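To keep things clear, I will list the structure first and then write my remarks on it.
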Amino acid sequence: MSSTKKRNQMISSISEFLIAKKEGQSVLNALSDEQIEIVSLTITEKGYHYNSDKKELDFSNQNIIDDLENPENPKTAVGFLVAGLRDRYLSGKVPFTVLSCDNLPNNGAVLQKITLDFVQKFDPAFAKWISKEVRFPSSMVDRITPATKNRDIMNFAEENGVHDPALVVSEEFFQWVIEDKFPSARPKFELAGIQMVSNVERHEKMKLRCLNGTHSALAYLGYLAGFNTIAECVSDDSMVNYIKYLWEEEIVQTLLTPEGENLSDYCSKLLERYQNSALGHKTWQIAMDGSQKLPQRILETVSDLLTQNKNFKGLALAIAAWIK
């Protein structure tokens, strides 16, 4: 969607749905099928059962405990991945590549860590095989997708004569950056506009600090100022001047330019995206779970600025707005 027009797109590449809770064996059969070469995950941060303080799998989680006791009948994502890989390991099959698409820094490394943590508990030789044979490329996905409302579904049905309960509303823009860490063959992702790079880390920092950091700053200050959406926030000159100040004087100072990017152009494009009134991205929605979001989005930038003996008064204002 843009601020002036809406465009519908039918996703026709999905050939089959399997619901793991109801069709667990069918999912395991698919995972063990050598025709399946890549297994991607988009399950949100919570789906990884990752203890970020201990930097390991959350072994206190009951579902993880159950999967370790009964690995042939998994409940969790990591349990299913391990069961599929174990079948390939025992059968002498080629493993699949595991591609995380969730909003976790170094998501591939995190996924590899929790997979090995799980496997080490019952089969160290299998863990060694995973370390040697299985690839876990990191990736970064950037596309603003506000929560789908019932009104979106109803409007779509009225305009197009189709009731789609799985409708996704998003902006036109997308960026998908993948670490080029695959076995000998992989799809030609570049043909779909995907950026293949040697290291995703700089892109992750750019997105987390430039986009997510200013998104949070706008969400807290904008909400307190009575703005309902990000587009409303950036219709106000003082808000625009504020985030431009954040980008130019504070955030970009802490970044190294990622492969194929221009930081100034990236920030200019962000402002255009924020001005997209068709999205209706709520300040309240972005402001949720601030205590989990702010460390990566803002506090790490502040820490880097302190190390460089530089001012962070703009980000201090965002933190004050969060506290308020």
Side-chain angles (χ1 to χ4, degrees), residues 1-3 5-9 11 13 38 40-45 97-111 136-148 168-182 186-219 230-231 234 243-244 246-248 251-252 254-281 285-286 293 296-298 300-301:
M1 292 187 183
S2 74
S3 56
K5 64 180 181 178
K6 296 180 181 179
R7 185 170 67 86
N8 301 327
Q9 182 180 5
I11 306 301
S13 56
I38 298 172
S40 68
L41 291 87
T42 308
I43 57 175
T44 80
E45 295 90 322
T97 295
V98 193
L99 175 61
S100 172
C101 300
D102 283 295
N103 195 24
L104 280 168
N106 297 309
N107 51 20
V110 168
L111 185 50
F136 294 81
S138 289
S139 76
M140 184 208 79
V141 180
D142 180 8
R143 194 173 212 180
I144 297 171
T145 52
T148 301
V168 175
V169 179
S170 77
E171 63 178 334
E172 190 104 17
F173 174 91
F174 85 92
Q175 184 179 27
W176 191 4
V177 185
I178 302 177
E179 182 183 12
D180 203 353
K181 192 171 79 172
F182 288 77
R186 64 161 172 81
K188 294 189 182 299
F189 288 117
E190 300 91 338
L191 297 179
I194 297 164
Q195 293 169 252
M196 302 303 297
V197 300
S198 58
N199 191 316
V200 177
E201 189 175 347
R202 289 186 183 183
H203 286 86
E204 288 174 341
K205 271 192 179 179
M206 176 183 73
K207 185 217 168 196
L208 275 168
R209 298 186 181 192
C210 293
L211 188 154
N212 298 124
T214 55
H215 238 183
S216 287
L218 286 171
I230 292 297
V234 294
I243 58 169
K244 283 183 175 177
L246 288 182
W247 284 323
E248 293 165 11
I251 294 171
V252 170
T254 69
L255 296 173
L256 294 170
T257 303
E259 210 175 308
E261 298 288 347
N262 178 300
L263 290 170
S264 178
D265 291 348
Y266 179 78
C267 294
S268 296
K269 182 67 178 176
L270 280 179
L271 181 56
E272 288 178 28
R273 293 166 66 191
Y274 291 172
Q275 291 166 337
N276 183 349
S277 58
L279 280 173
H281 206 182
Q285 181 195 347
I286 298 162
K293 294 175 178 175
Q296 300 93 340
R297 294 180 174 203
I298 291 177
E300 287 182 4
T301 312

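The structure presented is a predicted model; accordingly, all values stated were derived computationally and were not measured. Counting begins at 1 with the first residue of the sequence.
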Item to check | Atom of Ser139, atom of Leu99 and distance for their closest heavy-atom approach | outcome: CB-CD1, 4.1 Å
Next on the checklist: Working to the nearest 0.5 angstrom, can you tell me the gap between Glu248 CD and Ser264 OG?
Outcome noted: 7.0 Å
Checklist entry - Looking at side-chain heavy atoms only, is the closest gap between Asp265 and Lys269 below 4.5 Å? => result no
Next on the checklist: Looking at Ser198, is its backbone amide N or carbonyl O close enough to the side chain of Asp180 to form a donor-acceptor pair, meaning the two atoms are under 3.5 Å apart?
Outcome noted: no
Next on the checklist: I want to check something: taking the side chain as every heavy atom from C-beta on, are His203 and Asp142 in contact at a cut-off of under 4.5 Å?
Outcome noted: no
Checklist outcome for this item: Rounding to 0.5 Å, atoms CG (Leu111) and CD1 (Ile43) come to a distance of 7.5 Å
Checklist entry - Can you find a heavy atom in the side chain of Trp247 that is under 4.5 Å from one in the side chain of Leu271? => result yes
Item to check | Closest contact, heavy atoms only, Cys101 versus Val141 | outcome: O-CG2, 3.9 Å
Checklist entry - Do side-chain atoms of Glu179 reach the backbone of Ser138 as a donor and acceptor pair under 3.5 angstrom? => result yes
Checklist entry - Atom OG1 in Thr257, atom CE in Met206: separation rounded to 0.5 Å? => result 9.5 Å
Item to check | Any donor-acceptor pair under 3.5 Å from Thr214 side chain to Leu211 backbone | outcome: yes
Checklist entry - Which distance, rounded to the nearest 0.5 Å, do you find between the NZ of Lys205 and the OG1 of Thr254? => result 7.0 Å
Item to check | Heavy-atom side-chain contact between Phe136 and Ser100 under 4.5 Å | outcome: no
Checklist outcome for this item: Only residue of Arg7, Gln9, Lys6 satisfying side-chain hydrogen bond (donor to acceptor under 3.5 Å, both in side chains) with Glu172 is Arg7
Item to check | Shortest non-hydrogen contact between Pro187 and Ile38, atoms and distance | outcome: CD-CD1, 3.7 Å
Item to check | Main-chain N/O of Asn106 paired to Glu204 side chain as donor or acceptor, under 3.5 Å | outcome: yes
Checklist entry - Are the ring centres of His215 and Tyr274 closer than 6.0 Å? => result yes
Checklist entry - So, do Ile194 and Val177 sit near enough that their side-chain heavy atoms are less than 4.5 Å apart? => result no
Checklist entry - Which heavy-atom pair separates Leu255 from Cys210 by the least distance, and what is that distance? => result CD1-SG, 3.6 Å
Checklist entry - What pair of heavy atoms forms the shortest contact from Asn103 to Lys207, and how long is it? => result OD1-NZ, 3.5 Å
Checklist outcome for this item: Output for pair (Gln296 CD, Leu104 CG), nearest 0.5 Å, gives 8.5 Å
Next on the checklist: Any side-chain to backbone donor/acceptor pair from Arg209 onto Val252? Under 3.5 Å, distance only.
Outcome noted: no
Checklist entry - Which heavy atom of Glu261 sits nearest a heavy atom of Tyr266, and at what distance? => result OE1-CD1, 4.3 Å
Item to check | Heavy atoms of other groups near Lys181 NZ, more than 12 under 6.0 Å | outcome: yes
Checklist entry - Just wondering, do Met140 and Gln175 contact through their side chains at under 4.5 Å, heavy atoms? => result yes
Checklist entry - Counting N and O atoms only, with roles assigned by atom type, does the side chain of Asp102 sit under 3.5 Å from a partner on the main chain of Glu45, one being a donor and the other an acceptor? => result no
Item to check | Ile286 backbone acceptor or donor facing Lys293 side chain under 3.5 Å | outcome: yes
